[in-house]
Amino acid sequence: MAIYIINGGVGKHIAFTALIDKLAEKGEVQMMTAYPDVFRHHPKVKASYSHEEPGLYDRVPRDTDIVFREPYYSPFVFAKTHLLHEWAKLLGIEYEGELPQWHSCKKWYREAKEVIKKIPKKKFILIQFGGGQSPYDVNQPRVFIPQGQRRAYPLNMAQDFINQFTKAHPDIAVVNYSMVNEEYSHLGGCCVLNTAYWLYPELLKASMGFVGIDSSLQHMAAGVGVSGVVIWGATGPEHFGYPIHGNISNTTNHHMRPLCARFGDNKNADGSMWVDRDILSTAVPVDKLMEVTDAMLDMKLNKEEAKGIAEDDCDCDNDCGEDCKCKGA
């Protein structure tokens, strides 16, 4: 038996689900994370625990393997391979391009259906132009801690895109995935649902796709097999992306911030000063973003790819919080 520990944001947690099938071949999989809901209904995860669960180690058998492998403290920081490739190496398995997996339950399915009723139009897309904020306690007013502009799409350009999109597609609503305390939540012309992050994969299934940056929404979409448009800046699809999406960038020189700079030192390994990439000089032009988004919509309309919301494979009919009975939480 092994308990795998993960740190980081919800997108990183969802990405990890791509490795679970092969980890399960080695033995029983349990998870300990800040986002236990990501794994709560995965059929090959026996239990998903919160970092903050009291008395957890008193209940875990003493022969349990406690496994923590952090790819951000590995050669991955040199940005030569995909995150999942390096993570798999650290865990002693092979990554062969598997996509993340998201599994819901009947309760989440029902809740998502109710949320969808709040969207003013039958057809909709989701957007995420800024990220880095924890999606927990979305109703609690908190001070937004900016995560830098290295991955974000400039606010004025995001608004310009929404204006152009709603004019070109008056029958398609724009649903904003941003947290309520982020500046991107105030973009005009779109719908802010202010709901739990674990319902958004179900919303993605019912959507016409998404437009976003390198953040959690693109991992969620890959987890439910829904394609969309991902805008890349300082990071690239070769590091964090998936071929299922339309990955666009205005630069071919993606480079991740070196480890020494990520964790408090503002100098690179060679002694030079680290300077964040000027996002305005590398941002994908709005006209190009509209062109790629229109192509995505045309493809989905022609192939009728908007699958519609559907019940998942977990039979849990209970409250999928701390009392959920289907996954030993």
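These numbers come from the heavy atoms of this one structure, side chains and all, not from hydrogens, waters or symmetry mates. We're numbering straight along the sequence, starting at 1.
- The distance from the CD1 atom of I213 to the CH2 atom of W232 is 9.5 Å, given to the nearest 0.5 Å.
- Inter-residue side-chain proximity for R59 and E53 is flagged as met; some heavy-atom pair is nearer than 4.5 Å.
- When all heavy atoms of M1 and T64 are compared, the closest pair comes out as SD-OG1, 3.7 Å.
- Ring centroids of Y35 and F16 are separated by 6.0 Å or more, keeping the two rings apart.
- Between E86 and R69 there is no salt bridge, since none of the side-chain N atoms of the basic residue sits less than 4.0 Å from a carboxylate O of the acidic one.
- Between V29 and Y4, the closest side-chain pair of non-hydrogen atoms falls below 4.5 Å.
- A distance-only check finds a donor-acceptor pair linking the side chain of Q128 to the backbone of L217 [under 3.5 Å].
- Taking NE2 from H103 and NE2 from H42, the interatomic distance works out to 4.0 Å, rounded to the nearest 0.5 Å.
- Between the CD atom of E28 and the CG atom of D65 there is a distance of 12.0 Å, given to the nearest 0.5 Å.
- The two residues V67 and A2 make their nearest non-hydrogen contact at CG2-CB, 4.2 Å.
- For K121, the NZ atom is densely surrounded, since the number of other residues' heavy atoms within 6.0 Å is greater than 12.
- Note on ring orientation: taking the six-membered ring where Trp is involved, the planes of F129 and Y153 are tilted (angle from 30° to 60°).
- Among V226, I14, V224, the one residue that satisfies the side-chain contact (heavy atoms from CB on, under 4.5 Å) test with P201 is V224.
- By the 30° and 60° cut-offs, the orientation of the rings of H13 relative to F39 is tilted.
- Formation of a donor-acceptor pair under 3.5 Å by the S74 side chain with backbone atoms of F76 is found in this model.
- A donor and an acceptor atom, one from each side chain of H82 and E238, are nowhere located under 3.5 Å apart.
- Cation-pi geometry between K12 and Y72 is met: under 6.0 angstrom from the ring centre, within 45 degrees of the axis.
- Remark: K205 engages E202 in a salt bridge, criterion side-chain N to carboxylate O under 4.0 Å.
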Determine, stepwise, if the pair L204 / Y177 fulfils side chain to side chain contact (heavy atoms under 4.5 Å, CB included). CA-CA 11 Å; L204 280 162; Y177 174 76; over 6 Å; no

Would you check, one step at a time, whether the test ring-ring contact (aromatic ring centres under 6.0 Å, His included) holds for F68 with Y73? CA-CA 11 Å; F68 176 64; Y73 289 95; 8.2 Å; no

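- Considering only heavy atoms from C-beta on, S207 stays 4.5 Å or farther from I125 through its side chain.
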Passes side chain to side chain contact (heavy atoms under 4.5 Å, CB included), H51 versus I5? Steps please. CA-CA 9 Å; H51 283 310; I5 299 176; 3.6 Å; yes

Pair V229, N247 - check side chain to side chain contact (heavy atoms under 4.5 Å, CB included), show working. CA-CA 6 Å; V229 178; N247 297 297; over 6 Å; no

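- The shortest heavy-atom contact between P36 and T33 is N-OG1, 3.1 Å.
- Heavy atoms from other residues, nucleotides or ligands lying under 6.0 Å from NZ of K123 number 12 at most.
- Between the side chain of H239 and the backbone N or O of L83 there is no donor-acceptor pair closer than 3.5 Å.
- Put simply, the side chain of K26 gets close to the backbone of L91: a donor and an acceptor are under 3.5 Å apart.
- Of the inter-residue distances, the one linking F161 atom CZ with K288 atom NZ reads 13.5 Å to the nearest 0.5 angstrom.
- Salt-bridge check for E111 with K106: failed, with every basic side-chain N at 4.0 Å or more from each acidic carboxylate O.
- Distance alone, capped at 3.5 Å, is enough to place a donor-acceptor pair between the N176 side chain and the S178 backbone.
- Shown here for C190 and V174, the closest heavy-atom pair between the two residues is CB-O, 3.1 Å.
- Of the possible polar contacts, one joining the Y95 side chain to the E98 backbone as a donor-acceptor pair under 3.5 Å is found.
- Here W108 and H41 bring their ring centres to under 6.0 angstrom of each other.
- Taking the side chain as every heavy atom from C-beta outward, Y49 and M31 never approach each other to under 4.5 Å.
- Residues G189 and I162 approach most closely at O-CG2, 3.9 Å, considering heavy atoms.
- Using a 4.0 Å cut-off between a side-chain N of Lys or Arg and a carboxylate O of Asp or Glu, D21 and K44 qualify as a salt bridge.
- Side chain of E94 to main chain of K89: no donor-acceptor pair is present (N/O by atom type, distance under 3.5 Å, no hydrogens or angles).
- The closest side-chain heavy-atom distance from V38 to W198 is not below 4.5 Å.
- When hydrophobic clusters are built by joining Ile, Leu, Val, Met, Phe, Trp and Tyr residues whose side-chain heavy atoms come closer than 4.5 Å, directly or via intermediates, I20 is not grouped with L90.
- In this structure a side-chain-to-backbone donor-acceptor pair under 3.5 Å is present from Q159 to G188.
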Working note: H219 + Y242, criterion side chain to side chain contact (heavy atoms under 4.5 Å, CB included); need CA distance, chi angles, decisive distance, verdict. CA-CA 8 Å; H219 297 286; Y242 308 99; 2.7 Å; yes

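- To the nearest 0.5 Å, atoms CG (L126) and CE (M208) are separated by 12.0 Å.
- Minimum interatomic distance between I119 and A173 (heavy atoms only, all atoms of both residues): CG2-CB, 3.9 Å.
- Crowding of E52 atom CD: a count of heavy atoms from other residues, nucleotides or ligands under 6.0 Å not exceeding 12.
- Separating the NZ atom in K122 from the CG atom in D171 is a distance of 11.5 Å, to the nearest 0.5 Å.
- Side chains of I172 and L297 form a contact here, defined as non-hydrogen atoms less than 4.5 Å apart.
- At a threshold of 4.5 Å between non-hydrogen side-chain atoms, the residues V175 and I127 do not count as touching.
- You'll find the side chain of K118 stays beyond 4.5 Å of the side chain of T195, heavy atoms only.
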